[in-house]
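All heavy atoms count here, side chains included; hydrogens, waters and symmetry mates do not.
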Amino acid sequence: MVLLAKAVQTLPIGTAYPVWTGIGAVGTVVLGIVFFHEPVSFLRLFFISTLIASIIGLKLVSH
């Protein structure tokens, strides 16, 4: 939450919060795959990559 508060100092909350939750979602999926041996499929990787692309896009258009 401290890092989110820092991000809100330079980004609008409408951008900072989706980026924050997206990073958490991607991190959770990656940890599940690595540590809990959850299945990896093409569609799962595809949608995680689109989420990452969306996070990058939000950051780029927020300036």
Side-chain angles (χ1 to χ4, degrees):
M1 294 305 286
V2 172
L3 295 176
L4 178 60
K6 286 288 251 184
V8 172
Q9 292 174 356
T10 58
L11 294 172
I13 190 70
T15 300
Y17 186 72
V19 168
W20 176 262
T21 56
I23 291 170
V26 169
T28 301
V29 170
V30 170
L31 287 175
I33 290 170
V34 172
F35 291 111
F36 300 112
H37 307 291
E38 292 181 356
V40 180
S41 67
F42 170 76
L43 285 177
R44 191 170 202 180
L45 294 177
F46 172 75
F47 287 117
I48 289 299
S49 64
T50 59
L51 181 58
I52 293 169
S54 297
I55 292 168
I56 293 169
L58 276 173
K59 177 73 169 106
L60 290 175
V61 300
S62 67
H63 291 287

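Rounding to the nearest 0.5 angstrom, the gap separating the CD1 atom in Ile23 from the CD1 atom in Ile52 is 9.5 Å. Rounding to the nearest 0.5 Å places CD1 of Ile33 at 11.0 Å from OG1 of Thr28.
A chain of hydrophobic side-chain contacts below 4.5 Å, direct or via other Ile, Leu, Val, Met, Phe, Trp or Tyr residues, connects Leu60 to Leu58. Linking ILVMFWY residues whenever their side-chain heavy atoms come closer than 4.5 Å, directly or via other members, places Val30 and Phe35 in the same cluster. Note on Val34: it clusters hydrophobically with Phe36, by side-chain heavy-atom contacts below 4.5 Å among ILVMFWY residues.
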| Residue pair Leu51, Phe47: steps toward the side chain to side chain contact (heavy atoms under 4.5 Å, CB included) verdict | CA-CA 6 Å; Leu51 181 58; Phe47 287 117; over 6 Å; no
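Residues Ala7 and Ala16 share a closest heavy-atom pair of CB-CB, 4.4 Å.
Annotation: side chain of Val29 is not in contact with side chain of Glu38 (no heavy-atom distance under 4.5 Å).
Applying the 4.5 Å side-chain rule to ILVMFWY residues, one finds Met1, Leu4, Val8, Ile13, Tyr17, Trp20 in the same cluster as Leu3.
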